[in-house]
Amino acid sequence: MKTIIERLNDIVSSAFEKTGYAAKYGTVRVSDRPDLCQYQCNGAMAAAKEYHKAPIAIAGEVAAAISVYDAFDTAEAVNPGFINMNINPEFLAGVVQEMSEDERLGVPVPEKPKMIIVDYGGANVAKPLHVGHLRPATIGESIKRICAFAGHHVIGDVHLGDWGLQMGLIIAELRKRQPDLPYFDENYTGEWPESPPFTITDLEEIYPAASTRSKEDEEFRSEAEENTRKLQENYEPYMAIWRHIMKVSVEDLRRNYDRLDVHFDLWKGESDVESYIPDMVEDLKAKGLAHESDGALVVDVTEESDRKELPPCIILKSNGATLYATTDLATIIEREKLYKPDQMVYVADKRQALHFTQVFRVAKKAGLLGRDTELTHIGFGTMNGPDGKPFKTRDGGILRLEELQRQIVDEVREKMRENRDYDEEELNEISEKVGLAALKYGDLSNQASKDYAFDIERFASFEGNTGPYILYTIVRIGSVIKKFVDEGGEIDEDEPLLPPVTESESDLYRTIAGFPEMIDSAYRELAPHKVCQYVFTLADALNHFYHETKIVSEPDRERRNSYLRLIGLVKRVLEKGIELIGFSAPEKM
């Protein structure tokens with residue numbers, strides 16, 4: 001089905017044509033001034049330049065032509081050349097009725113779905129997830145869900161950091177602590193132990209200790225670099241340690257990501273593309289793209305349109321070691337080989353913009369992917385504390401992500417206790433869901449590229465633009481419908497929605513009708529915050545309608561049935577919206 005804006009565009013474009021002007025000027029949008037009108041068209045302003053005519057004159061002719069269509073209640077030309085329009089309530093009800101009958105709520109399926117890979121998460125193994133991992137996880141998961149709902153084939157890849165110097169450091173530290181392990185005995189010929197010689201808690205202490213030691217002890221760092229080289233040459237004793245690290249780390253990462261309701265289709269890492277690197281390096285050399293610079297192998301990426309010269313992309317360091325750029329390029333090769341994606345989306349800190357510019361340009365210059373394949377970096381800003389500084393623990397350390405989640409769930413639990421009595425098990429179950437909503441909505445309601453202050457008390461509030469407020473609205477609707485049905489009432493789903501009669505009802509209809517456009521915009525811009533903006537607007541419109549309208553006690557049966565069907569549709573739309581953001585609603589709050 002066509003969206004409401006598409007339908008209005010068709011009508012207004014036709015009106016422009018009928019009055020002798022190009023149809024392209026008939027673009028309609030939601031009004032910037034809802035106090036004056038519901039929809040507007042500014043095409044007469046642009047048409048005036050082409051037709052050398054006063055914009056208000058063009059607007060007047062088009063407005064008169066629009067008035068013959070049933071879709072609009074009023075169409076008026078306003079100086080200096082705007083066309084202000086209000087929609088016909090019956091037409092609006094018809095559009096929303098069609099949405100209610102569509103399992104996709106009016107969101108069309110694309111004729112040619114894309115294959116999209118979303119690279120997000122980016123966790124390093126052997127380290128706990130901390131607050132810095134929240135944004136790539138929540139933004140990436142939401143983008144994946146938005147693209148999938150928009151009708152595309154989407155693959156989410158965690159892209160683990162599992163192959164660099166950190167591995168060499170852990171091995172060196174492990175040797176210092178447990179030198180008698182068989183992995184360090186050159187004469188050992190038996191089977192490697194099945195059980196890891198460490199737990200995730202051990203690893204969380206081993207890596208920072210090793211990292212600190214490497215900065216103070218040059219010999220230790222050299223040993224770690226040698227360990228890394230051996231590992232990357234598949235030295236079996238170190239490969240056995242690496243497999244232990246991976247097993248212990250991935251189990252812990254899965255547990256933490258699952259609690260965030262973040263899920264990946266692929267659990268690949270840098271190590272998975274190691275075999276592609278030698279051929280890729282030779283290919284870059286053969287194409288004349290890679291050359292030596294101070295002993296390193298680099299590719300120049302500066303283009304004529306650049307205002308200043310960009311540093312070259314380093315493919316291999318002077319000692320032959322690989323870098324993130326190397327494995328990112330090899331990953332592009334593997335993805336092209338296995339999936340032939342139309343687009344690859346990378347969700348990473350905006351401070352990595354130069355890195356991705358370099359990698360994308362090398363990939364395009366070297367023909368490592370399809371000519372039309374899009375490479376997109378979604379650069380996100382920093383999550384700060386209420387003081388505007390990077391989020392830290394009270395003693396200045398980096399806060400673990402599961403600790404942040406625990407804090408916000410505790411905050412929600414206390415707020416719920418203040419409002420009513422709950423069974424303790426029920427309270428814990430509900431507060432987990434509401435806490436996740438507070439956490440994710442608090443993050444995603446901000447435009448990805450912007451820094452923001454994460455205020456636990458504000459984000460856990462049940463009032464205002466928050467996740468708990470959205471959930472409370474969904475639960476309220478469910479409660480109204482359940483009470484009506486439990487008391488013997490019936491909702492006839494076959495009866496049509498009636499045209500809105502009050503301002504709050506009309507606003508609710510129009511907000512629902514805007515859902516497909518919002519999905520299209522959020523998909524094209526890869527912008528989860530647009531979904532957040534929409535669900536808050538819809539929840540607010542519902543609550544205004546609820547407070548001004550006698551829904552269950554409405555004496556007219558058909559009108560009451562229409563009200564109940566309408567709020568039921570709002571619930572469906574809100575539930576789909578929060579699903580795209582990455583959380584779900586409890587049955588009661």
Side-chain angles (χ1 to χ4, degrees), residues 110 112-123 133 135-163 257 262-277 279-280 283-284 289 299 301 303 310 313 315 322-380 448-449 522-528 580:
K112 293 182 179 179
K114 290 182 177 181
M115 169 60 77
I116 302 171
I117 294 178
V118 183
D119 182 320
Y120 66 109
H133 292 107
R135 302 218 74 193
T138 57
I139 295 168
E141 180 71 16
S142 183
I143 286 174
K144 183 185 73 171
R145 295 182 183 203
I146 290 168
C147 291
F149 184 60
H152 302 284
H153 307 298
V154 191
I155 297 172
D157 186 359
V158 68
H159 196 70
L160 296 169
D162 66 350
W163 202 238
Y257 279 126
V262 169
H263 310 283
F264 302 95
D265 304 290
L266 301 177
W267 281 81
K268 286 181 171 287
E270 296 164 327
S271 60
D272 288 289
V273 298
E274 187 71 11
S275 61
Y276 292 92
I277 292 175
D279 287 346
M280 180 187 77
D283 182 53
L284 291 172
L289 296 173
V299 175
V301 297
E303 297 177 351
L310 300 181
C313 181
I315 306 300
T322 60
L323 299 92
Y324 286 128
T326 322
T327 51
D328 278 349
L329 287 165
T331 299
I332 287 174
I333 293 173
E334 183 186 60
R335 289 171 177 166
E336 177 67 18
K337 177 183 177 182
L338 298 180
Y339 307 108
K340 297 280 190 250
D342 298 292
Q343 184 175 16
M344 296 184 219
V345 179
Y346 294 78
V347 181
D349 194 310
K350 64 183 179 183
R351 290 170 292 189
Q352 295 186 40
L354 174 60
H355 165 79
F356 285 106
T357 297
Q358 292 172 319
V359 168
F360 293 172
R361 289 187 179 184
V362 173
K364 288 291 187 179
K365 288 175 74 171
L368 303 184
L369 70 171
R371 181 180 299 176
D372 297 325
T373 304
E374 294 179 67
L375 295 172
T376 308
H377 171 216
I378 302 298
F380 57 80
S449 61
Y523 157 68
R524 284 186 290 102
E525 298 179 34
L526 301 175
L580 300 180

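The residues of the chain are indexed from 1 along the displayed sequence.
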For [X] and [Y], work out which heavy atoms get closest and say how close.
X      : Y      : answer
Gly140 : Val347 : CA-CG2, 3.9 Å
Gln358 : Cys313 : CB-CB, 3.9 Å
Arg371 : Lys364 : O-NZ, 3.3 Å
Asp162 : Ser271 : OD2-OG, 2.7 Å
Val154 : Ala148 : CG2-N, 3.5 Å
Asp283 : Ala366 : OD2-O, 4.3 Å

Rounded to the nearest 0.5 Å, how far does [atom2] of [Y] lie from [atom1] of [X]?
X      : Y      : atom1 : atom2 : answer
Thr331 : Met344 : OG1   : CE    : 9.5 Å
Ile332 : Lys337 : CD1   : NZ    : 16.0 Å
Ile117 : His159 : CD1   : NE2   : 11.5 Å
His153 : Cys147 : NE2   : SG    : 12.5 Å
Leu369 : Leu375 : CG    : CG    : 5.0 Å
Ile143 : Asp119 : CD1   : CG    : 11.5 Å

Phe356 and Phe360 aromatic ring geometry - parallel, tilted or perpendicular at 30°/60° bounds: tilted
Give the ring-plane orientation class for Tyr257 versus Trp267, where under 30° counts as parallel, over 60° as perpendicular and anything between as tilted. perpendicular
Just wondering, do [Y] and [X] contact through their side chains at under 4.5 Å, heavy atoms?
X      : Y      : result
His263 : Arg145 : yes
Thr322 : Ile277 : yes
Arg361 : Leu310 : yes

A quick test of your reading: do over 12 heavy atoms of other residues, nucleotides or ligands sit less than 6.0 Å from CZ of Arg524? yes
Whether the side chain of [X] engages the backbone of [Y] through a donor-acceptor N/O pair (distance < 3.5 Å, no angle test) should be reported.
X      : Y      : value
Arg135 : Phe380 : no
Lys268 : Val273 : no
Asp265 : Gly156 : yes
Lys144 : Ile155 : no
Asp279 : Tyr276 : no
Ser142 : Thr138 : no
Lys350 : Ser449 : yes
Glu270 : Tyr324 : no
His133 : Ala123 : no
His152 : Lys114 : yes

Before giving the answer on side chain to side chain contact (heavy atoms under 4.5 Å, CB included), spell out for Val345 and Leu526 the whole-Å C-alpha distance, their side-chain angles and the decisive distance to 0.1 Å. CA-CA 9 Å; Val345 179; Leu526 301 175; 3.8 Å; yes
Given side chain to side chain contact (heavy atoms under 4.5 Å, CB included), test Asp157 with Phe264 step by step and report yes or no. CA-CA 6 Å; Asp157 186 359; Phe264 302 95; 6.0 Å; no
Run the ring pair (Phe, Tyr, Trp, His ring centres under 6.0 Å) test on Tyr120 and Tyr346 for me, step by step, so that the C-alpha distance in whole Å, both residues' side-chain angles and the decisive distance to 0.1 Å come before the verdict. CA-CA 6 Å; Tyr120 66 109; Tyr346 294 78; over 10 Å; no
Does Asp342 pair with Lys112 as a salt bridge, N-O distance under 4.0 Å? no
Test side chain to side chain contact (heavy atoms under 4.5 Å, CB included) on Leu323 and Asp328 and set out the steps. CA-CA 9 Å; Leu323 299 92; Asp328 278 349; over 6 Å; no
As a quick check of understanding, evaluate side chain to side chain contact (heavy atoms under 4.5 Å, CB included) for Leu329 and Ile315, giving each step before the final call. CA-CA 9 Å; Leu329 287 165; Ile315 306 300; 3.7 Å; yes
Distance-only donor-acceptor check, side chains Gln343 and Thr373, under 3.5 Å: no
